[in-house]
There are 2 protein chains.
Amino acid sequence: MATLKQVAAHADVSVQTVSNALNAPHRLKPDTLRRVTRSIELLNYKPNRNARSLRTSAVELIGYCVPSWPHGQTHLVMDQFLHALCTAAERTGRHILLFTAPTGIDGMPVYDDLHARRLVDGFVLSQTETHDPRHGWLKEQRIPFVSFGRVWKETTQPGPYVDVDGAAGCATAVRHLYETGRRRIAFLSWPRTSGLAEDRLAGWRTTCKELELPTKDLAIRCPEDMIDEGARATAKLLDAGLEAGTPVDGIVAISDILALGALRELTARGLTAGVEVGVTGFDDSPLASVVSPALTSVRQPIDRIATELIALLTDSPAPADPATGGTERLLQPELVIRGSSAPG
Amino acid sequence: MATLKQVAAHADVSVQTVSNALNAPHRLKPDTLRRVTRSIELLNYKPNRNARSLRTSAVELIGYCVPSWPHGQTHLVMDQFLHALCTAAERTGRHILLFTAPTGIDGMPVYDDLHARRLVDGFVLSQTETHDPRHGWLKEQRIPFVSFGRVWKETTQPGPYVDVDGAAGCATAVRHLYETGRRRIAFLSWPRTSGLAEDRLAGWRTTCKELELPTKDLAIRCPEDMIDEGARATAKLLDAGLEAGTPVDGIVAISDILALGALRELTARGLTAGVEVGVTGFDDSPLASVVSPALTSVRQPIDRIATELIALLTDSPAPADPATGGTERLLQPELVIRGSSAPG
DNA sequence: CTGAAAGCGCTTACAG
DNA sequence: CTGAAAGCGCTTACAG
């Protein structure tokens, strides 16, 4: 393996000049640069990153804690997210270092350790929880990080974040169902403890009110994000609608999984999603396009999210540019319309 | 941030002794060790890994290329696998570095680069393809790697691998269906180009023959791993069975996704999985336990796989121990029985 | 525009 | 059992 010194000898310059050829080529006379570049190629020289990192004390590595899921649950777009995150990091010459850590505050020593030993420069946080203690802790330790997802219900968000406007996403879903003729639109949610859920639910509620649609008894909180729960909640909604003579004709689900449960219950009752009842999910996971009828779903802009995360983490402190500045980005999701809400 | 030197000064020993306290504590007099340890804790000293790596030229980082999937496809157990891989790596003091690369041979310069710049010590390969060119290339370059999955149809496997005995998994599934009374067991497969598929199919075929069950026209190759394809293939099987007066009563699917398609088609025809037809999948993905009836599925021992991968990659060249030695591990999967094959 | 020197924070033989 | 010295391969002020 060639070293700087060998390249320097080969090109008959000092090591410093080779280093400059790599890191500040404009400082070299074009002729010298050419000669050095040729030697680099000839010797197939690749700079040793450990030596560089030792000197600069930047490793160009970003830590990401692999979430561990309770059995039966899964992050259906996690591989997409990781791929996007890697790609975004690589565009800036960085990479993602994976690690595991206990949930919540108990995991913080792991973060501290990775940073102190200089295995990473900083962290991308995801799976943000309501009152997530990690953000405040990292900020206090002056460990660089950026969060995918807001810390809900705090007065101020500690540190930079990127998030998706869930309320707007659900609002779009409600409007879409309204435009396709639905007038009694229910919402399948998660427990109240989730700030994320409250945000999305608020989008549903507000939009229903705007459109003068009913909301009473139409929001159901499923205790877990499981297909069965979605089916159960849908059954309850359909039964109540029948009894009252006001059948539900639209269902906005807070996740694709719950939406899948809704689809299953409809099928079980001989109803067709997109015909009698319009159904929408959230996340546009791979499953959405694979069931039939395919699931209309709110898609988070994953590539954009990844790009912004890396930008916030690695850019020099933004100069408060009113347009792109600041350290908070709320991105707009997009409704992907398929058969479950609009037959044809 | 404390350095070795500072700790040495604080403990009134040489830096070398502090280093030894960390890396070879047995060399120190118990008393000295105690004193040094105290200083380390007091100063909250964490060794700089870049300095260490520069010196030892080992980074304790393992590269893993995040697969990119065609839209609508997903690796349902990828998050489980990554979690297991991370955990296994961390047990040996290592971590996983994620990167992206073009598929096949085109990606090799990326691997080479990561290794040459000393960002990683070696690689874990997955998504192994038939005739995968990466293994041979890496071996030739003397870049350490281990493969999850065999390179099929080659005379010899280049380099170490861990794989799951797919044939045995499918054999178990067939036997289970047989034991629950099924006598006409079909197989839902992938295209012939997949060595993995041929292996699993062979397990089905051999076991059927052993049990004197029919196999003719009972293996269907779905062009893609999608729910719709599984449903379509199942429809074809059921139709053919009806016509011939010999109804299919068992379906072994090569993946959970295809099995899900089978379940859907059964439901659409008013049949119940586990009653009229027993169905099994492969992978025991999160979806398996979430549909209803829940899906019987062949589970790959993910934690074991991860542990073996890390062991093969990082252990000193095994001394040809007849028991655990060698660089090839074929692990046995396990059938997880649920309602889709056995009601109640 | 180019080069000689110092130093990033460790570990590794080697002496004592 | 402990320490003085060299060196891993870079980059960074600083001179020239």
Side-chain angles (χ1 to χ4, degrees), chain A residues 1-40 43-61 93-94 113-121, chain B residues 1-40 43-61 93-94 113-121:
Chain A
M1 203 113 289
T3 72
L4 250 203
K5 207 194 247 184
Q6 288 166 27
V7 176
H10 186 273
D12 200 28
V13 292
S14 72
V15 290
Q16 142 83 316
T17 298
V18 182
S19 178
N20 279 336
L22 255 20
N23 302 315
H26 58 274
R27 288 198 200 157
L28 302 208
K29 201 160 59 178
D31 183 44
T32 318
L33 181 55
R34 248 192 310 278
R35 203 166 78 246
V36 174
T37 307
R38 236 190 92 243
S39 296
I40 288 175
L43 299 182
N44 192 27
Y45 168 69
K46 317 260 173 119
N48 181 318
R49 267 287 258 289
N50 296 121
R52 174 174 222 279
S53 294
L54 175 57
R55 190 59 235 258
T56 64
S57 87
V59 282
E60 323 274 81
L61 249 34
R94 276 163 255 252
D113 215 62
L114 287 169
H115 181 256
R117 292 180 198 278
R118 311 289 24 242
L119 269 85
V120 303
D121 296 325
Chain B
M1 202 113 291
T3 73
L4 252 202
K5 208 193 246 182
Q6 290 166 27
V7 176
H10 186 273
D12 199 29
V13 293
S14 70
V15 290
Q16 143 84 316
T17 298
V18 182
S19 178
N20 278 337
L22 255 20
N23 303 315
H26 58 273
R27 289 199 200 157
L28 302 207
K29 201 160 59 178
D31 182 43
T32 318
L33 181 56
R34 246 192 312 276
R35 204 167 75 247
V36 173
T37 307
R38 236 190 91 244
S39 295
I40 288 175
L43 299 181
N44 192 26
Y45 168 68
K46 317 259 171 121
N48 181 318
R49 267 290 257 288
N50 296 120
R52 173 174 223 278
S53 294
L54 175 58
R55 189 60 235 256
T56 65
S57 85
V59 282
E60 321 275 83
L61 249 35
R94 276 164 255 253
D113 216 61
L114 287 169
H115 181 257
R117 294 181 196 278
R118 312 286 29 239
L119 268 87
V120 303
D121 295 326

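As the structure is a computational prediction, the values presented were derived from the model and not from experiment.
For A/Asp113, the CG atom sits in a packed shell: over 12 heavy atoms of surrounding residues, nucleotides or ligands are nearer than 6.0 Å.
Checking D/dA13 for Watson-Crick or G-U wobble geometry (two distances, each under 3.5 Å) identifies no partner in any strand. Applying the Watson-Crick and G-U wobble criteria (two distances, each under 3.5 Å), D/dA4 pairs with nothing in any strand.
Of the residues near DNA chain C, B/Ala51 and A/Leu33, the one whose nearest nucleotide (by heavy atom distance) lies more toward the 5' end is A/Leu33. When the nearest nucleotides of DNA chain D are assigned to A/Lys46 and B/Lys29 by heavy-atom distance, the more 5′-ward of the two goes with B/Lys29.
In this structure, A/Leu54 reaches the bases: a heavy-atom distance under 4.0 Å links it to at least one base atom across the strands shown. Counting non-hydrogen atoms under 4.0 angstrom, A/Leu4 reaches a base of the nucleic acid. Contacts of A/Asn50 with the nucleic acid, taken as non-hydrogen atoms under 4.0 Å apart, are absent. Heavy atoms of A/Thr32 sit under 4.0 angstrom from primed sugar atoms or phosphate atoms, though from no base atom. The residue A/Ser57 sits apart from the nucleic acid: no heavy atom pair falls under 4.0 Å.
Taking side-chain N and O atoms only, A/Thr17 has a distance below 4.0 Å to OP1 or OP2 of C/dG3. OP1 or OP2 of D/dC1 has not a single side-chain nitrogen or oxygen of B/Arg27 nearer than 4.0 Å. Listed pair B/Ser19 / C/dT11 meets the phosphate criterion, a side-chain N or O lying under 4.0 Å from OP1 or OP2. In this model, the phosphate group of C/dT2 is not approached by any side-chain N or O of A/Asn20 to a distance below 4.0 Å at OP1 or OP2.
Remark: C1' of C/dA6 and CZ of A/Arg55 are 8 Å apart, rounded to the nearest angstrom. The CG atom of A/Leu119 sits 14 Å away from the C1' atom of C/dC10 (whole-angstrom rounding). At whole-Å resolution of the value, CZ in B/Arg52 and C1' in C/dG9 are 12 Å apart. Here the P atom of nucleotide D/dG9 and the CG atom of A/Leu43 are 14 Å apart, to the nearest Å. Nucleotide D/dC10 holds its C1' atom 13 Å from the CZ atom of B/Arg117, rounded to whole Å. In this structure, the CG atom of B/Asn48 is 18 Å from the P atom of D/dC8, given to the nearest Å. Protein atom CG of A/Leu22 is 7 Å distant from nucleotide atom P of D/dT11, rounded to whole Å. When rounded to the nearest whole Å, the span between CZ of A/Arg118 and C1' of D/dC10 equals 16 Å.
Considering only heavy atoms from C-beta on, B/Arg49 stays 4.5 Å or farther from A/Val120 through its side chain. Between B/Leu43 and B/His10 the shortest side-chain heavy-atom distance falls below 4.5 Å. The shortest distance between side-chain heavy atoms of A/Arg52 and A/Pro47 does not fall below 4.5 Å.
In this structure a side-chain-to-backbone donor-acceptor pair under 3.5 Å is missing from B/Arg27 to B/Asn20.
Closest of all the heavy-atom pairs between A/Val7 and A/Val36 is CG1-O, 4.5 Å.
Across D/dC1, C/dC14, C/dG3, the shortest atom-to-atom separation from the side chain of B/Gln16 is found for C/dC14.
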